[in-house]
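Just follow the structure's listing: the first ligand is 1, and inside any ligand the first atom is 1. Any value given below was found using the heavy atoms of this structure, including those in side chains, with hydrogens, waters and symmetry copies removed. Quantities reported herein were computed from a predicted structural model and do not represent experimental measurements.
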Amino acid sequence: MKQVGLEAIAFDIPEHYINLHDLALARGIDPAKFTKGLGQLEMAVATAAEDPVVLAIGAASRALRNFSIDPRSIGLLIVGTESSVDQSKALSSFLHEHLGLSSECRNFEVKHACYGAMAGVSMATDWILSGRARGKKALVVSADIARYGLLTPGEPTQGAGSVAMVISESPSLLSFHTERQGFYSKQVMDFWRPNYSKDAFADGHFSMECYLEALSSSYAMYAKTEMGMAKSFGAALYHAPFVKMAQKAHVRLWELSHGATCEAGSANLVQAKDDYERRVAPYLELNARVGNIYTGALFLSLLCYLEKAEKSAMPISLFSYGSGCVAEFSSMSLLKPLREFPGYEASVSLLAKRKKISIPEYEAIMGDCAKMDSNNFKPQQSFPLSRKLLYRGCVDHQRIYS
Ligand code: HMG
(Lines give C-alpha, C1' and ligand atoms only; values in the text may rest on other atoms or scores of the structure.)
Protein backbone atom coordinates (compact mmCIF):
# COMPACT_ATOMS: atom_id res chain seq x y z
CA MET A 1 0.00 0.00 0.00
CA LYS A 2 1.11 3.57 -0.77
CA GLN A 3 2.82 5.45 2.10
CA VAL A 4 0.95 8.57 3.25
CA GLY A 5 1.97 10.88 6.04
CA LEU A 6 3.09 14.22 7.34
CA GLU A 7 5.56 16.27 5.32
CA ALA A 8 5.33 19.61 7.15
CA ILE A 9 3.87 21.10 10.32
CA ALA A 10 3.88 24.58 11.88
CA PHE A 11 1.74 26.59 14.24
CA ASP A 12 0.78 30.18 14.98
CA ILE A 13 -0.47 31.73 18.19
CA PRO A 14 -1.62 35.19 19.28
CA GLU A 15 1.04 37.66 20.42
CA HIS A 16 -0.41 38.11 23.93
CA TYR A 17 -1.08 35.76 26.83
CA ILE A 18 -2.13 35.77 30.46
CA ASN A 19 -0.78 33.81 33.37
CA LEU A 20 -3.42 31.50 34.89
CA HIS A 21 -2.11 32.18 38.38
CA ASP A 22 -3.06 35.86 37.83
CA LEU A 23 -6.48 34.85 36.45
CA ALA A 24 -7.20 32.64 39.47
CA LEU A 25 -6.29 35.45 41.90
CA ALA A 26 -8.48 37.91 39.98
CA ARG A 27 -11.39 35.45 40.23
CA GLY A 28 -10.83 34.71 43.95
CA ILE A 29 -9.90 31.07 43.21
CA ASP A 30 -6.96 29.07 44.61
CA PRO A 31 -4.39 29.21 41.72
CA ALA A 32 -3.63 25.51 42.27
CA LYS A 33 -7.08 24.69 40.87
CA PHE A 34 -6.02 26.05 37.45
CA THR A 35 -2.34 25.09 37.48
CA LYS A 36 -2.57 21.66 39.14
CA GLY A 37 -6.29 20.78 38.98
CA LEU A 38 -6.54 21.63 35.26
CA GLY A 39 -2.79 21.58 34.49
CA GLN A 40 -2.84 24.95 32.68
CA LEU A 41 -0.10 27.56 33.17
CA GLU A 42 -0.79 30.27 30.58
CA MET A 43 -3.52 31.14 28.09
CA ALA A 44 -3.15 32.70 24.64
CA VAL A 45 -5.31 35.79 24.12
CA ALA A 46 -6.14 36.83 20.56
CA THR A 47 -6.87 40.51 19.95
CA ALA A 48 -9.66 41.38 17.51
CA ALA A 49 -7.02 41.95 14.80
CA GLU A 50 -5.89 38.31 15.12
CA ASP A 51 -8.95 36.45 13.91
CA PRO A 52 -8.94 32.77 12.82
CA VAL A 53 -8.09 33.77 9.23
CA VAL A 54 -4.98 35.65 10.38
CA LEU A 55 -3.86 32.77 12.62
CA ALA A 56 -4.51 30.18 9.90
CA ILE A 57 -2.53 32.14 7.32
CA GLY A 58 0.29 32.55 9.87
CA ALA A 59 0.55 28.79 10.49
CA ALA A 60 0.09 27.76 6.84
CA SER A 61 2.66 30.20 5.43
CA ARG A 62 5.15 29.08 8.08
CA ALA A 63 4.59 25.39 7.20
CA LEU A 64 5.16 25.99 3.47
CA ARG A 65 8.15 28.28 4.06
CA ASN A 66 9.94 26.21 6.72
CA PHE A 67 9.70 23.00 4.70
CA SER A 68 10.31 24.64 1.28
CA ILE A 69 7.00 23.43 -0.16
CA ASP A 70 5.98 24.98 -3.46
CA PRO A 71 2.39 26.32 -3.14
CA ARG A 72 1.75 24.98 -6.67
CA SER A 73 2.20 21.43 -5.36
CA ILE A 74 -0.89 21.75 -3.12
CA GLY A 75 -3.96 20.17 -4.72
CA LEU A 76 -6.33 20.22 -1.74
CA LEU A 77 -6.79 22.73 1.07
CA ILE A 78 -9.00 21.87 4.05
CA VAL A 79 -9.55 24.15 7.04
CA GLY A 80 -11.02 22.60 10.18
CA THR A 81 -12.56 25.24 12.43
CA GLU A 82 -15.44 25.91 14.79
CA SER A 83 -14.67 29.66 14.83
CA SER A 84 -15.87 30.30 11.31
CA VAL A 85 -16.04 33.95 10.25
CA ASP A 86 -18.92 33.53 7.79
CA GLN A 87 -21.95 31.24 7.44
CA SER A 88 -21.37 30.75 3.69
CA LYS A 89 -17.92 31.80 2.62
CA ALA A 90 -15.29 29.26 3.62
CA LEU A 91 -12.38 30.45 5.73
CA SER A 92 -10.17 28.41 3.41
CA SER A 93 -10.83 30.77 0.49
CA PHE A 94 -8.94 33.58 2.27
CA LEU A 95 -5.99 31.17 2.70
CA HIS A 96 -6.22 30.00 -0.88
CA GLU A 97 -5.72 33.57 -2.13
CA HIS A 98 -3.11 34.63 0.39
CA LEU A 99 -0.92 31.53 -0.04
CA GLY A 100 -1.03 31.83 -3.83
CA LEU A 101 -2.46 28.32 -4.35
CA SER A 102 -3.40 27.16 -7.82
CA SER A 103 -6.95 27.70 -9.12
CA GLU A 104 -7.00 23.91 -9.65
CA CYS A 105 -6.57 23.38 -5.90
CA ARG A 106 -9.93 22.62 -4.21
CA ASN A 107 -10.60 24.28 -0.87
CA PHE A 108 -13.28 23.98 1.78
CA GLU A 109 -14.01 24.29 5.48
CA VAL A 110 -14.96 21.40 7.77
CA LYS A 111 -16.82 21.60 11.07
CA HIS A 112 -17.36 19.09 13.81
CA ALA A 113 -16.20 20.88 16.97
CA CYS A 114 -12.61 19.90 17.81
CA TYR A 115 -12.62 17.00 15.33
CA GLY A 116 -12.66 19.27 12.20
CA ALA A 117 -8.92 19.18 11.49
CA MET A 118 -8.58 15.44 12.17
CA ALA A 119 -11.47 14.96 9.72
CA GLY A 120 -9.37 16.96 7.24
CA VAL A 121 -6.28 14.80 7.85
CA SER A 122 -8.34 11.63 7.37
CA MET A 123 -9.98 12.93 4.19
CA ALA A 124 -6.65 14.09 2.77
CA THR A 125 -5.18 10.64 3.48
CA ASP A 126 -8.04 8.88 1.70
CA TRP A 127 -7.74 11.33 -1.24
CA ILE A 128 -4.07 10.41 -1.66
CA LEU A 129 -4.69 6.66 -1.18
CA SER A 130 -7.45 6.73 -3.80
CA GLY A 131 -4.94 7.84 -6.44
CA ARG A 132 -6.93 11.00 -7.25
CA ALA A 133 -4.24 13.32 -5.85
CA ARG A 134 -2.00 12.50 -8.83
CA GLY A 135 1.17 13.47 -6.97
CA LYS A 136 -0.29 16.62 -5.37
CA LYS A 137 -0.18 17.32 -1.63
CA ALA A 138 -2.92 18.35 0.81
CA LEU A 139 -2.70 21.30 3.18
CA VAL A 140 -4.83 20.80 6.31
CA VAL A 141 -5.17 23.74 8.70
CA SER A 142 -6.84 23.98 12.11
CA ALA A 143 -7.69 27.49 13.35
CA ASP A 144 -9.74 28.44 16.38
CA ILE A 145 -10.39 30.92 19.12
CA ALA A 146 -11.83 29.16 22.17
CA ARG A 147 -14.14 31.43 24.17
CA TYR A 148 -16.45 30.59 27.06
CA GLY A 149 -16.69 34.14 28.42
CA LEU A 150 -15.55 35.89 31.58
CA LEU A 151 -16.31 34.30 34.97
CA THR A 152 -17.49 30.98 33.52
CA PRO A 153 -16.09 27.57 34.60
CA GLY A 154 -14.66 27.23 31.09
CA GLU A 155 -12.77 30.57 31.32
CA PRO A 156 -9.38 29.02 32.31
CA THR A 157 -9.70 26.54 29.41
CA GLN A 158 -9.85 29.16 26.63
CA GLY A 159 -7.04 29.77 24.14
CA ALA A 160 -6.37 30.52 20.47
CA GLY A 161 -4.11 29.28 17.71
CA SER A 162 -3.65 27.41 14.49
CA VAL A 163 -1.68 24.36 13.34
CA ALA A 164 -1.02 23.72 9.64
CA MET A 165 0.05 20.36 8.20
CA VAL A 166 1.03 19.14 4.74
CA ILE A 167 -0.04 15.56 4.00
CA SER A 168 1.57 13.79 1.07
CA GLU A 169 2.84 10.53 -0.36
CA SER A 170 6.42 11.67 0.29
CA PRO A 171 6.22 12.22 4.06
CA SER A 172 9.34 13.17 5.96
CA LEU A 173 8.03 13.49 9.54
CA LEU A 174 5.44 10.77 10.12
CA SER A 175 3.96 7.88 8.25
CA PHE A 176 0.26 7.16 8.95
CA HIS A 177 -1.01 3.65 9.75
CA THR A 178 -3.79 3.80 7.18
CA GLU A 179 -4.92 0.20 7.62
CA ARG A 180 -6.29 0.70 11.15
CA GLN A 181 -8.61 3.37 12.62
CA GLY A 182 -11.32 3.50 15.28
CA PHE A 183 -14.37 5.79 15.17
CA TYR A 184 -17.24 6.68 17.49
CA SER A 185 -20.26 8.97 17.01
CA LYS A 186 -23.20 9.81 19.25
CA GLN A 187 -25.48 12.85 19.48
CA VAL A 188 -24.82 14.50 22.88
CA MET A 189 -25.25 18.05 24.22
CA ASP A 190 -21.89 18.32 25.97
CA PHE A 191 -20.57 21.48 24.31
CA TRP A 192 -22.07 23.74 21.66
CA ARG A 193 -22.12 27.32 20.34
CA PRO A 194 -25.42 28.54 18.90
CA ASN A 195 -25.33 30.95 15.93
CA TYR A 196 -26.32 33.89 18.15
CA SER A 197 -23.41 33.47 20.55
CA LYS A 198 -19.67 34.20 20.30
CA ASP A 199 -19.11 32.20 23.48
CA ALA A 200 -19.45 28.43 23.70
CA PHE A 201 -21.69 26.69 26.24
CA ALA A 202 -20.59 23.48 27.95
CA ASP A 203 -22.00 20.93 30.33
CA GLY A 204 -18.41 20.63 31.59
CA HIS A 205 -18.43 17.47 33.71
CA PHE A 206 -20.76 15.67 31.30
CA SER A 207 -18.42 16.63 28.42
CA MET A 208 -15.55 14.82 30.17
CA GLU A 209 -17.71 11.67 30.49
CA CYS A 210 -18.62 11.88 26.79
CA TYR A 211 -14.95 12.31 25.89
CA LEU A 212 -13.92 9.23 27.92
CA GLU A 213 -16.76 7.11 26.53
CA ALA A 214 -15.73 8.12 23.00
CA LEU A 215 -12.12 7.15 23.81
CA SER A 216 -13.13 3.70 25.10
CA SER A 217 -15.33 2.98 22.09
CA SER A 218 -13.01 4.28 19.38
CA TYR A 219 -10.05 2.43 20.93
CA ALA A 220 -12.14 -0.76 21.04
CA MET A 221 -12.78 -0.41 17.29
CA TYR A 222 -9.14 0.43 16.59
CA ALA A 223 -7.84 -2.54 18.58
CA LYS A 224 -10.54 -5.05 17.58
CA THR A 225 -8.12 -7.94 17.44
CA GLU A 226 -5.58 -6.87 20.07
CA MET A 227 -7.01 -4.82 22.97
CA GLY A 228 -3.64 -4.54 24.79
CA MET A 229 -1.86 -2.93 21.87
CA ALA A 230 -1.84 0.55 23.43
CA LYS A 231 0.98 -0.72 25.66
CA SER A 232 3.29 -0.73 22.64
CA PHE A 233 2.90 2.96 21.73
CA GLY A 234 5.96 5.08 22.44
CA ALA A 235 3.71 8.09 23.10
CA ALA A 236 -0.05 8.54 23.42
CA LEU A 237 -1.39 11.90 22.22
CA TYR A 238 -4.86 13.16 23.05
CA HIS A 239 -7.14 16.05 22.22
CA ALA A 240 -6.23 18.28 25.17
CA PRO A 241 -8.82 20.95 26.05
CA PHE A 242 -6.74 21.24 29.22
CA VAL A 243 -3.79 19.13 30.34
CA LYS A 244 -5.62 17.21 33.09
CA MET A 245 -8.10 15.88 30.50
CA ALA A 246 -5.22 14.10 28.75
CA GLN A 247 -4.21 12.56 32.07
CA LYS A 248 -7.75 11.28 32.66
CA ALA A 249 -7.76 9.93 29.10
CA HIS A 250 -4.49 8.11 29.58
CA VAL A 251 -5.68 6.50 32.81
CA ARG A 252 -8.70 5.22 30.83
CA LEU A 253 -6.45 3.91 28.03
CA TRP A 254 -4.23 2.22 30.63
CA GLU A 255 -7.32 0.49 32.07
CA LEU A 256 -8.43 -0.66 28.63
CA SER A 257 -5.04 -1.96 27.60
CA HIS A 258 -4.39 -3.71 30.94
CA GLY A 259 -7.94 -5.05 31.42
CA ALA A 260 -7.87 -3.57 34.95
CA THR A 261 -9.44 -0.65 36.81
CA CYS A 262 -7.72 2.29 38.49
CA GLU A 263 -9.65 2.91 41.71
CA ALA A 264 -8.74 6.04 43.72
CA GLY A 265 -5.68 5.29 45.86
CA SER A 266 -4.91 1.98 44.08
CA ALA A 267 -1.50 0.74 42.94
CA ASN A 268 -2.95 0.58 39.41
CA LEU A 269 -3.69 4.31 39.49
CA VAL A 270 -0.11 5.02 40.57
CA GLN A 271 1.18 2.89 37.67
CA ALA A 272 -1.16 4.53 35.16
CA LYS A 273 -0.09 8.02 36.31
CA ASP A 274 3.61 7.05 36.10
CA ASP A 275 2.96 5.83 32.59
CA TYR A 276 1.26 9.18 31.83
CA GLU A 277 4.39 11.03 33.04
CA ARG A 278 6.51 9.00 30.58
CA ARG A 279 4.34 8.72 27.50
CA VAL A 280 2.01 11.73 27.57
CA ALA A 281 3.05 14.61 29.86
CA PRO A 282 6.30 15.55 28.01
CA TYR A 283 4.23 16.38 24.92
CA LEU A 284 1.71 18.68 26.62
CA GLU A 285 4.01 21.64 27.29
CA LEU A 286 2.63 23.76 24.46
CA ASN A 287 -0.96 22.92 25.42
CA ALA A 288 -0.28 24.07 29.01
CA ARG A 289 1.03 27.41 27.75
CA VAL A 290 -1.42 28.12 24.91
CA GLY A 291 -4.72 26.68 26.18
CA ASN A 292 -7.45 24.95 24.24
CA ILE A 293 -7.17 25.68 20.52
CA TYR A 294 -10.05 23.31 19.74
CA THR A 295 -9.31 21.71 16.32
CA GLY A 296 -5.56 22.20 16.77
CA ALA A 297 -5.16 21.04 20.40
CA LEU A 298 -4.22 17.46 19.44
CA PHE A 299 -1.80 18.69 16.78
CA LEU A 300 -0.10 21.10 19.18
CA SER A 301 0.75 18.03 21.24
CA LEU A 302 1.86 16.23 18.06
CA LEU A 303 4.16 19.14 17.21
CA CYS A 304 5.64 19.01 20.72
CA TYR A 305 6.19 15.25 20.27
CA LEU A 306 7.91 15.83 16.91
CA GLU A 307 10.27 18.34 18.53
CA LYS A 308 11.28 15.95 21.30
CA ALA A 309 11.07 12.48 19.77
CA GLU A 310 14.06 10.18 19.48
CA LYS A 311 14.80 8.74 16.04
CA SER A 312 14.17 5.14 17.06
CA ALA A 313 10.79 5.98 18.58
CA MET A 314 8.01 3.36 18.66
CA PRO A 315 4.66 4.14 16.94
CA ILE A 316 2.41 6.74 18.58
CA SER A 317 -1.36 6.90 19.04
CA LEU A 318 -3.60 9.91 18.43
CA PHE A 319 -7.05 10.41 19.90
CA SER A 320 -9.22 13.15 18.41
CA TYR A 321 -12.49 14.17 20.09
CA GLY A 322 -15.06 16.63 18.79
CA SER A 323 -17.95 17.48 21.07
CA GLY A 324 -21.40 16.73 19.90
CA CYS A 325 -19.82 14.14 19.40
CA VAL A 326 -17.41 12.22 17.17
CA ALA A 327 -14.02 10.62 17.84
CA GLU A 328 -11.19 8.97 15.96
CA PHE A 329 -8.38 6.79 17.31
CA SER A 330 -5.41 6.32 14.98
CA SER A 331 -1.66 5.70 14.98
CA MET A 332 1.48 6.82 13.17
CA SER A 333 5.22 6.11 13.01
CA LEU A 334 8.01 8.65 13.31
CA LEU A 335 10.25 9.15 10.27
CA LYS A 336 12.39 12.11 11.37
CA PRO A 337 12.15 14.53 14.32
CA LEU A 338 11.67 18.24 13.64
CA ARG A 339 15.10 19.29 14.92
CA GLU A 340 16.68 17.57 11.89
CA PHE A 341 15.05 20.06 9.50
CA PRO A 342 17.36 23.05 8.94
CA GLY A 343 14.59 25.66 8.48
CA TYR A 344 12.62 24.61 11.53
CA GLU A 345 11.74 27.34 14.08
CA ALA A 346 11.51 25.85 17.58
CA SER A 347 8.19 26.42 19.35
CA VAL A 348 9.93 28.02 22.34
CA SER A 349 11.08 30.89 20.11
CA LEU A 350 7.45 31.63 19.17
CA LEU A 351 6.36 31.43 22.82
CA ALA A 352 9.23 33.71 23.87
CA LYS A 353 8.05 36.43 21.47
CA ARG A 354 4.67 36.72 23.22
CA LYS A 355 3.82 39.58 25.58
CA LYS A 356 2.21 38.93 28.94
CA ILE A 357 -0.81 41.12 29.69
CA SER A 358 -2.73 41.84 32.88
CA ILE A 359 -6.21 40.51 33.63
CA PRO A 360 -7.88 43.95 33.08
CA GLU A 361 -6.10 44.14 29.68
CA TYR A 362 -7.35 40.63 28.81
CA GLU A 363 -10.87 41.66 29.81
CA ALA A 364 -10.64 44.74 27.56
CA ILE A 365 -9.58 42.51 24.63
CA MET A 366 -12.47 40.10 25.31
CA GLY A 367 -14.85 43.11 25.24
CA ASP A 368 -13.47 44.29 21.90
CA CYS A 369 -13.63 40.78 20.41
CA ALA A 370 -17.27 40.40 21.40
CA LYS A 371 -18.12 42.97 18.69
CA MET A 372 -15.65 41.86 16.03
CA ASP A 373 -18.13 40.19 13.70
CA SER A 374 -20.41 43.20 13.33
CA ASN A 375 -20.51 45.54 10.35
CA ASN A 376 -18.43 48.76 10.60
CA PHE A 377 -16.26 47.16 13.32
CA LYS A 378 -12.65 48.32 13.67
CA PRO A 379 -10.27 46.56 16.11
CA GLN A 380 -8.91 48.72 18.93
CA GLN A 381 -5.32 49.82 18.39
CA SER A 382 -4.34 49.62 22.09
CA PHE A 383 -2.44 46.33 21.71
CA PRO A 384 0.21 46.74 18.98
CA LEU A 385 1.10 43.60 17.03
CA SER A 386 4.28 42.78 15.13
CA ARG A 387 2.67 40.49 12.53
CA LYS A 388 2.18 41.92 9.06
CA LEU A 389 -1.23 40.53 8.15
CA LEU A 390 -4.10 41.77 10.34
CA TYR A 391 -7.89 41.76 10.40
CA ARG A 392 -8.72 45.44 9.87
CA GLY A 393 -12.46 45.24 10.45
CA CYS A 394 -15.67 44.95 8.52
CA VAL A 395 -16.71 47.51 5.93
CA ASP A 396 -19.87 47.21 3.81
CA HIS A 397 -20.32 43.72 5.32
CA GLN A 398 -16.94 42.58 3.97
CA ARG A 399 -13.97 41.51 6.09
CA ILE A 400 -10.82 43.49 5.36
CA TYR A 401 -7.32 42.04 5.75
CA SER A 402 -4.09 43.83 5.03
P1 HMG B 1 -14.92 23.22 37.36
O2 HMG B 1 -16.13 22.42 37.47
O3 HMG B 1 -14.96 24.62 37.86
O4 HMG B 1 -13.68 22.51 38.03
O5 HMG B 1 -14.45 23.34 35.84
P6 HMG B 1 -13.65 21.22 38.99
O7 HMG B 1 -14.34 21.53 40.27
O8 HMG B 1 -14.06 19.99 38.24
O9 HMG B 1 -12.07 21.17 39.27
C10 HMG B 1 -11.19 20.91 38.23
C11 HMG B 1 -10.04 20.07 38.80
O12 HMG B 1 -9.30 20.88 39.73
C13 HMG B 1 -10.51 18.85 39.60
O14 HMG B 1 -9.57 17.83 39.36
C15 HMG B 1 -10.41 19.32 41.06
O16 HMG B 1 -10.24 18.28 41.99
C17 HMG B 1 -9.17 20.20 40.97
P18 HMG B 1 -10.07 16.29 39.16
O19 HMG B 1 -10.72 15.93 40.43
O20 HMG B 1 -11.05 16.34 37.99
O21 HMG B 1 -8.85 15.56 38.83
N22 HMG B 1 -9.09 21.23 42.02
C23 HMG B 1 -7.93 21.56 42.63
N24 HMG B 1 -6.68 21.06 42.52
C25 HMG B 1 -5.70 21.61 43.30
N26 HMG B 1 -5.96 22.62 44.19
C27 HMG B 1 -7.19 23.13 44.33
C28 HMG B 1 -8.26 22.59 43.54
N29 HMG B 1 -9.58 22.85 43.42
C30 HMG B 1 -10.07 22.02 42.48
N31 HMG B 1 -7.41 24.10 45.19
C32 HMG B 1 -14.35 22.16 33.74
C33 HMG B 1 -13.75 22.32 35.12
C34 HMG B 1 -13.39 21.32 32.90
C35 HMG B 1 -15.70 21.45 33.85
C36 HMG B 1 -14.53 23.55 33.09
O37 HMG B 1 -13.29 24.20 32.95
C38 HMG B 1 -15.21 23.48 31.72
O39 HMG B 1 -16.43 23.45 31.63
N40 HMG B 1 -14.41 23.50 30.60
C41 HMG B 1 -14.94 23.44 29.25
C42 HMG B 1 -15.41 22.06 28.83
C43 HMG B 1 -14.23 21.10 28.58
O44 HMG B 1 -13.10 21.51 28.40
N45 HMG B 1 -14.53 19.79 28.50
C46 HMG B 1 -13.53 18.78 28.24
C47 HMG B 1 -14.07 17.55 27.54
S48 HMG B 1 -15.00 17.96 26.07
C49 HMG B 1 -13.79 18.40 24.90
O50 HMG B 1 -12.63 18.17 25.10
C51 HMG B 1 -14.24 19.11 23.68
C52 HMG B 1 -13.94 20.60 23.64
O53 HMG B 1 -12.56 20.82 23.37
C54 HMG B 1 -14.83 21.31 22.60
C55 HMG B 1 -14.84 20.80 21.17
O56 HMG B 1 -14.85 19.60 20.86
O57 HMG B 1 -14.99 21.68 20.30
C58 HMG B 1 -14.23 21.29 24.96
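Pairs of residues two or more places apart, or lying in two chains, that qualify as side chain to side chain donor-acceptor pair (under 3.5 Å) and include a residue from residues 223-246 are Tyr238-His250.
The aromatic ring centres of Tyr401 and Phe94 sit less than 6.0 Å apart. Remark: aromatic rings of Tyr305 and Phe299 are distant, center separation not under 6.0 Å. In this structure, Phe191 has its ring center under 6.0 Å from that of Tyr294.
The atoms of ligand 1 that sit less than 4.0 Å from any heavy atom of Gly204 are 35 (C), 39 (O). Interface atoms of ligand 1 facing Cys114, defined by a heavy-atom separation under 4.0 Å, are 52 (C), 53 (O), 54 (C), 55 (C), 56 (O), 57 (O). For ligand 1, the atoms closer than 4.0 angstrom to any heavy atom of Tyr148 are 41 (C), 42 (C), 58 (C). The contact set between ligand 1 and Tyr211, taken as ligand atoms under 4.0 Å from a residue heavy atom, comprises 50 (O). Listed by atom number, the atoms of ligand 1 under 4.0 Å from Phe242 heavy atoms are 34 (C), 44 (O), 46 (C). Proximity to Phe191 (heavy-atom distance under 4.0 Å) selects the following atoms of ligand 1: 54 (C), 55 (C), 57 (O), 58 (C). Proximity to Gly154 (heavy-atom distance under 4.0 Å) selects the following atoms of ligand 1: 37 (O), 38 (C), 40 (N). Every atom of ligand 1 with a heavy atom of Gly322 under 4.0 Å away is listed here by number and element: 56 (O).
From the protein, the heavy atom lying nearest to atom 24 (N) of ligand 1 is Gly37 CA, 3.6 Å. For atom 53 (O) of ligand 1, the nearest non-hydrogen atom of the protein is His239 NE2, 2.8 Å. Thr157 OG1, 3.5 Å is the protein heavy atom nearest to atom 40 (N) of ligand 1. In terms of protein heavy-atom proximity, atom 26 (N) of ligand 1 is closest to Ala32 CB, 3.4 Å. Nearest protein heavy-atom neighbour of atom 2 (O) of ligand 1: His205 NE2, 2.7 Å. Given atom 32 (C) of ligand 1, the protein heavy atom at minimum distance is Met208 CE, 4.5 Å. For atom 50 (O) of ligand 1, the closest heavy atom belonging to the protein is Pro241 CG, 3.1 Å. The protein non-hydrogen atom at the shortest distance from atom 14 (O) of ligand 1 is Lys244 NZ, 3.4 Å.
For atom 16 (O) of ligand 1, no protein heavy-atom neighbour is present inside the 4.0 Å cut-off.
Across Pro156, Ser207, Pro153, heavy-atom proximity to atom 47 (C) of ligand 1 is greatest for Ser207. Counting heavy atoms only, Glu82 comes closest to atom 57 (O) of ligand 1 of the residues Gln40, Lys33, Glu82.
Checking Glu361 against Ser358 by side-chain atom types alone, a donor-acceptor pair falls below 3.5 Å. A side-chain donor-acceptor contact under 3.5 Å links Asp144 and Thr295. Gln158 and Tyr362 share a side-chain donor-acceptor pair at under 3.5 Å. For the residue pair Ser386 and Glu15, a side-chain donor N or O sits within less than 3.5 Å of a side-chain acceptor on the partner. For Glu50 and Thr47, the side-chain atoms include at least one donor-acceptor pair closer than 3.5 Å. A donor-acceptor contact closer than 3.5 angstrom is absent between the side chains of Glu328 and Ser330. In this model, no donor atom of one side chain and acceptor atom of the other lie less than 3.5 Å apart for Ser92 and Glu109. For the residue pair Glu263/Thr261, the side-chain donor-acceptor check at 3.5 Å is satisfied.
Of all the heavy atoms of Asn292, the ones lying under 4.0 Å from any atom of ligand 1 belong exclusively to the side chain. By the criterion of a heavy-atom distance under 4.0 Å, both the backbone and the side chain of Ser323 are placed next to ligand 1.
Residue contacts with ligand 1: Lys248 is included, with a non-hydrogen atom under 4.0 Å away. The closest approach between any non-hydrogen atom of Tyr115 and ligand 1 is not below 4.0 Å.
By the ring pair (Phe, Tyr, Trp, His ring centres under 6.0 Å) test, Phe67 is found to be paired with Phe341, residues two or more places apart in sequence or in another chain being considered.
The pair Glu345-Arg62 meets the salt-bridge criterion, with a side-chain N (NZ, NE, NH1 or NH2) lying under 4.0 Å from an Asp/Glu carboxylate O.
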